[in-house]
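Read the structure below first, then the notes.
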Amino acid sequence: MKILGIIPARYASTRFPGKPLTIINGKSMIQRVYEQSLKAEMLADVVVATDDERIYSAVKDFGGKVMMTSSEHNSGTDRCNEVVENIGIQYDAVVNIQGDEPFINPEQINHIASLISLDDSQIASLCKIIKDEEELFDENVVKLVFDKNNDAIYFSRNAIPFMRKIERNAAEWMKHGIFYKHIGIYAYKTDVLMKIAQLQQSNLELSESLEQLRWLENSYKIKMGVTDFESYSIDTPQDVEKCLKYFKD
């Protein structure tokens with residue numbers, strides 16, 4: 001299977017404008033994500049998809065592949081779809097790689113690429129067991145449940161499943177159940193990507209502000225893989241300092 005890695009990268013950001021060009025220990029964040037992605041053996045190629053000339057030029061300067069895309073896209077999925085529609089080479093699947101995780105582990109990319117390579121996979125993503133009590137009731141940490149075939153049943157900003165017979169206490173809940181947090185990397189079969197990009201926003205998506213619920217509500221299956229690798233995303237300038245500490249370690 002021929003799989004393309006796409007890194008959507010926008011310059012505009014409410015909390016952190018110009019985030020992809022932030023310098024982390026001598027290299028821009030987008031360069032670090034790109035170089036980590038190239039280490040994933042299951043990707044046939046990697047391209048940055050941006051709507052900003054500054055990011056486009058920066059990627060060209062370090063020798064990366066980049067494509068200009070529309071500034072009207074609401075999500076990375078839409079940006080990936082434009083690349084698929086315009087690129088000349090045919091790919092069987094696409095991995096949508098988060099542009100704000102400069103230390104993404106290539107094995108995570110290989111893992112999701114292997115999931116989307118399965119015959120019955122339409123969309124794939126990753127999750128990790130929650131071990132930090134503070135994450136369980138944090139609405140910024142997306143939780144999920146999946147079935148015995150590892151297909152996602154539901155994603156929520158609330159802790160799921162709800163432990164009805166146990167007091168709402170993170171430590172107690174985690175003693176009696178296993179909870180998973182979503183790792184925001186996706187893979188799609190190319191034909192599925194082109195279809196889901198045409199879907200209108202759904203009620204569940206609007207309620208939780210989670211794009212993946214649109215796909216579930218339209219009967220698409222999301223194959224989940226459980227990873228042990230933690231993700232380190234940068235959402236604010238303050239996160240850069242934390243990231244530098246991680247880099248030094």
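All of these numbers come straight from a predicted model, not from anything done at the bench. What you see below is based on every heavy atom in this structure, not just the backbone, and it leaves out hydrogens, waters and symmetry mates.
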Query raised in the report: Below 4.5 Å, heavy atoms only, C-beta onward: do D100 and K19 meet side chain to side chain?
Result: yes
Partner residues of [X] under the side chain to side chain donor-acceptor pair (under 3.5 Å) criterion, sequence neighbours left out:
X: K131; answer: none
X: E208; answer: Y154, S156
X: K60; answer: none

Report task. With rounding to the nearest 0.5 Å, note down the distance linking CG in L210 to CG in L204. Result -> 10.0 Å
Query raised in the report: Between E167 and E172, does a side-chain contact (heavy atoms from CB on, under 4.5 Å) hold up when you go through it step by step?
Result: CA-CA 7 Å; E167 179 184 358; E172 288 302 311; 5.8 Å; no
**Report entry** ring pair (Phe, Tyr, Trp, His ring centres under 6.0 Å) between F155 and W215, worked out
**Finding:** CA-CA 11 Å; F155 296 83; W215 311 333; 8.6 Å; no
Query raised in the report: For residues 113-128, which residue pairs qualify under side chain to side chain donor-acceptor pair (under 3.5 Å), counting only residues two or more places apart or in two chains?
Result: S125-H182
Query - Within residues 142-151 or reaching into it, pairs that qualify as side chain to side chain donor-acceptor pair (under 3.5 Å) - sequence neighbours excluded - result: D151-K223
Requested in this report: Apply the side chain to side chain donor-acceptor pair (under 3.5 Å) test between T77 and each candidate in E211, R214, Q212; give the one that qualifies.
Outcome: E211
Query raised in the report: With a 3.5 Å cut-off and no angle check, do the side chains of Y11 and D51 form a donor-acceptor pair?
Result: no
Query - Trace of the side-chain contact (heavy atoms from CB on, under 4.5 Å) decision for V59 with T50 - result: CA-CA 10 Å; V59 176; T50 187; over 6 Å; no
Query - Minimal non-hydrogen separation, Q108 against F229, with atom names - result: NE2-O, 3.5 Å
**Report entry** Pair listing, ring pair (Phe, Tyr, Trp, His ring centres under 6.0 Å) test, anchored in residues 117-153, at least two apart
**Finding:** F137-W173, F146-Y180
